[in-house]
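Comments concern the structure below.
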Amino acid sequence: MAAAAAAVVVEESDPLVGNYGDLPLEAVQSKEIYGQKWTRVGSLTHELKDQQVLVRGRAHAARGVSSKMAFLVVREAGYTVQCVLNVSPGVVSKGMVKFLTGLSKESIVDVEGIVIVPNIAITGASQQVEIHVRKVYCVSKSQPTLPINLEDAARSEKEFEKAEQTGEHVVRVGQDTRLNYRVLDLRTPANQGIFRVQSYVSMLFRQVLISEGFVELHTPKLIAGASEGGSSVFKLDYKGQPACLAQSPQLHKQMAICADFGRVFEIGPVFRAEDSFTHRHLCEFTGLDLEMEIKEHYFEVLDVLDNLFVTIFDGLNENCKKELHAINQQYPFEPLKYLRKTLRLTFPEGVQMLKVKKSSQGLSVFMNQSF
């Protein structure tokens, strides 16, 4: 690929013209196997010092310092790395610097270079190493002007409040705009974090329950009648017969227990045609359902749930620090506090606690009733 002709207008006299430019379409059509090895941006650490790497990502930001020097920040899967170009005879030309500074944001690029560990901390990228560029190619060029600026879409309410106090004008990306250009909105750090945390929760949910002897099911979502009372259904016509979208896998889970599966679970879509007067209208969501037989006491279920939630919370805190931080930057939240062993209260114990509390909102009258 390094030898592929670059489809970009450059100076014909540039001897390094083959080291940069727009990759021709043929280079990414799987016509040949070049045997190249890409390094993920998130894997760029001090251990790779002085090694040559090849990364592919989006041009997050490009800045020219002069005709002989430029910086490029490459982003992949929420991680960013700073790439440096310095004109050097036989290595980097002025044409290469000019090409890099002309890259439009969000273009997909391939960058090849040497990993360098700087003496000072890097504040403009997540990775604390630099790539001193030797080759750079544009794989897919984005439009020069995008309908959404990622910096605008990633702002928090706190930033808007600060801007209002200082009189600074900042762009607020509305909900309709976000949804119209969702493919861009999903690239913000917070959205990247949200979906990766969601994925990790599903993985931990599945792992814990399988280790507890559960069997994963995939139940029908197009059924003949309501699967759960108390909630409305989305009705539809199925080849002349009435049908609806499943509100829950409850019926099928119970069938599985009666069919001697013992313990079952499912991760799947749930549909509820319920009216809502809030801005959080969950007519479709992903349900994490489980069902199990009880041998002696319902505390058996609580034991499973206790282990399940603590394992999920521990896993998120240990393995999703970057994602949680990104979410917290735009949507601030307090760190989750939980007990290693979940507190359990019997009904009489709960009643006694309420009696002691003696709420001023009429609860004391309620507590005077016999149980």
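Numbering starts at 1 and runs along the sequence shown.
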Next item on the list: Could you walk me through whether Glu130 and Val81 pass the side-chain contact (heavy atoms from CB on, under 4.5 Å) test, one step at a time?
Entry: CA-CA 6 Å; Glu130 292 180 339; Val81 62; over 6 Å; no
Notebook entry, point to check: Which other residues belong to the hydrophobic cluster containing Val84, where Ile, Leu, Val, Met, Phe, Trp and Tyr are joined when side-chain heavy atoms lie under 4.5 Å apart, directly or via other members?
Noted result: Val65, Met69, Phe71
Next item on the list: If you link ILVMFWY side chains whenever their heavy atoms are less than 4.5 Å apart, which other residues fall into the same cluster as Met255? By chain and number, please.
Entry: Leu251
Margin query: Does either side chain, that of Asp176 or that of Tyr181, offer a donor lying less than 3.5 Å from an acceptor on the other one?
Written below: no
Notebook entry, point to check: Do Asn180 and Thr177 have side-chain atoms, one donor and one acceptor, less than 3.5 Å apart?
Noted result: no
Between atom [atom1] of [X] and atom [atom2] of [Y], what is the distance when rounded to the nearest 0.5 Å?
X	Y	atom1	atom2	answer
Ser232	Gln247	OG	CD	8.0 Å
Ile312	Leu204	CD1	CG	6.0 Å
Leu308	Phe265	CG	CZ	10.0 Å
Glu112	Cys83	CD	SG	12.0 Å
His132	Asn86	NE2	CG	7.0 Å
Leu85	Met96	CG	CE	5.0 Å

Check: For residues 199-223, which residue pairs qualify under salt bridge (Lys or Arg N to Asp or Glu O under 4.0 Å), counting only residues two or more places apart or in two chains?
Finding: Arg206-Glu216, Glu212-Arg263, Lys221-Glu266
Notebook entry, point to check: Going by the salt bridge (Lys or Arg N to Asp or Glu O under 4.0 Å) test, which pairs reach into residues 335-344, not counting sequence neighbours?
Noted result: Asp303-Arg344, Asp306-Lys341, Asp314-Arg340
Do the non-hydrogen side-chain atoms of [X] and [Y] ever get within less than 4.5 Å of each other?
X	Y	answer
Val233	Lys235	yes
Ile267	Thr286	yes
Ile210	Gln207	no
Phe309	Thr342	no
Tyr137	Val111	no
His46	Gln128	yes
His252	Pro220	yes
Tyr20	Cys138	no

Under the salt bridge (charged side-chain N to carboxylate O under 4.0 Å, His left out) test, residues paired with [X] that sit two or more places apart:
X	answer
Lys295	Glu293
Asp185	Arg178, Arg182
Lys105	Glu151
Lys141	Asp22

Margin query: Test of understanding: with side chain to side chain contact (heavy atoms under 4.5 Å, CB included), list the residues that count as partners of Glu168, not counting sequence neighbours.
Written below: Ala163, Thr166, Val170
Notebook entry, point to check: Looking at Gln254, Met292, Glu291, which one forms a side-chain contact (heavy atoms from CB on, under 4.5 Å) with Val264?
Noted result: Glu291
Check: Between Leu44, Ile116, Thr39, which is the residue that forms a side-chain contact (heavy atoms from CB on, under 4.5 Å) with Ile131?
Finding: Leu44
Would a hydrophobic clustering, with Ile, Leu, Val, Met, Phe, Trp and Tyr connected at side-chain separations under 4.5 Å, put [X] with [Y]?
X	Y	answer
Leu324	Val310	yes
Leu305	Tyr338	yes
Val133	Val117	yes
Leu179	Leu186	no
Leu336	Leu316	yes

Does [X] reach the main-chain N or O of [Y] with its side chain, forming a donor-acceptor pair under 3.5 Å?
X	Y	answer
Asn317	Phe313	yes
Ser104	Ser142	yes
Ser107	Leu103	no
Glu318	Gly315	no
Thr188	Leu150	no
Thr101	Val97	yes

Check: Should Arg272 and Ser248 be marked as a side-chain contact (heavy atoms from CB on, under 4.5 Å) after you check the CA-CA gap, both sets of side-chain angles, and the distance that decides it?
Finding: CA-CA 9 Å; Arg272 302 286 174 89; Ser248 164; 4.1 Å; yes
Taking atom [atom1] of [X] as the centre, does the number of heavy atoms from other residues, nucleotides or ligands within less than 6.0 Å exceed 12?
X	atom1	result
Tyr238	OH	no
Asp237	CG	yes
Gln143	CD	no

Checklist line | Steps toward side-chain contact (heavy atoms from CB on, under 4.5 Å) verdict (Phe234, Cys244) | finding: CA-CA 5 Å; Phe234 287 104; Cys244 62; 5.8 Å; no
Checklist line | Over all atoms of both residues, closest heavy-atom pair of Leu72 and Ala62 | finding: CD1-CB, 4.0 Å
Notebook entry, point to check: So which pairs with a foot in residues 57-74 pass side chain to side chain donor-acceptor pair (under 3.5 Å), sequence neighbours left out?
Noted result: His60-Arg75
Checklist line | Phe299 and His297 aromatic ring geometry - parallel, tilted or perpendicular at 30°/60° bounds | finding: perpendicular
Next item on the list: For Phe261, check ring pair (Phe, Tyr, Trp, His ring centres under 6.0 Å) against everything at least two apart and list the hits.
Entry: none
Margin query: Set out, in order, the CA-CA distance, both residues' side-chain angles and the distance that settles side chain to side chain donor-acceptor pair (under 3.5 Å) for Glu157 and Gln330, then state yes or no.
Written below: CA-CA 7 Å; Glu157 284 300 322; Gln330 186 166 4; over 6 Å; no
Check residues 193-203 and write down every donor-acceptor pair under 3.5 Å in which the side-chain atom is one partner and the other belongs to a residue at least two apart or another chain.
| unit_1 | atom_1 | unit_2 | atom_2 | d |
| --- | --- | --- | --- | --- |
| Arg196 | NE | Gln192 | OE1 | 3.3 |
| Arg196 | NH2 | Gln192 | OE1 | 2.8 |
| Tyr200 | OH | Asn319 | ND2 | 2.8 |
| Ser202 | OG | Gln198 | O | 3.3 |

Note to self: Determine whether Ile108 and Arg56 satisfy the following criterion, side-chain contact (heavy atoms from CB on, under 4.5 Å), listing intermediate values before the conclusion.
What the structure shows: CA-CA 7 Å; Ile108 297 177; Arg56 174 171 291 180; 3.9 Å; yes
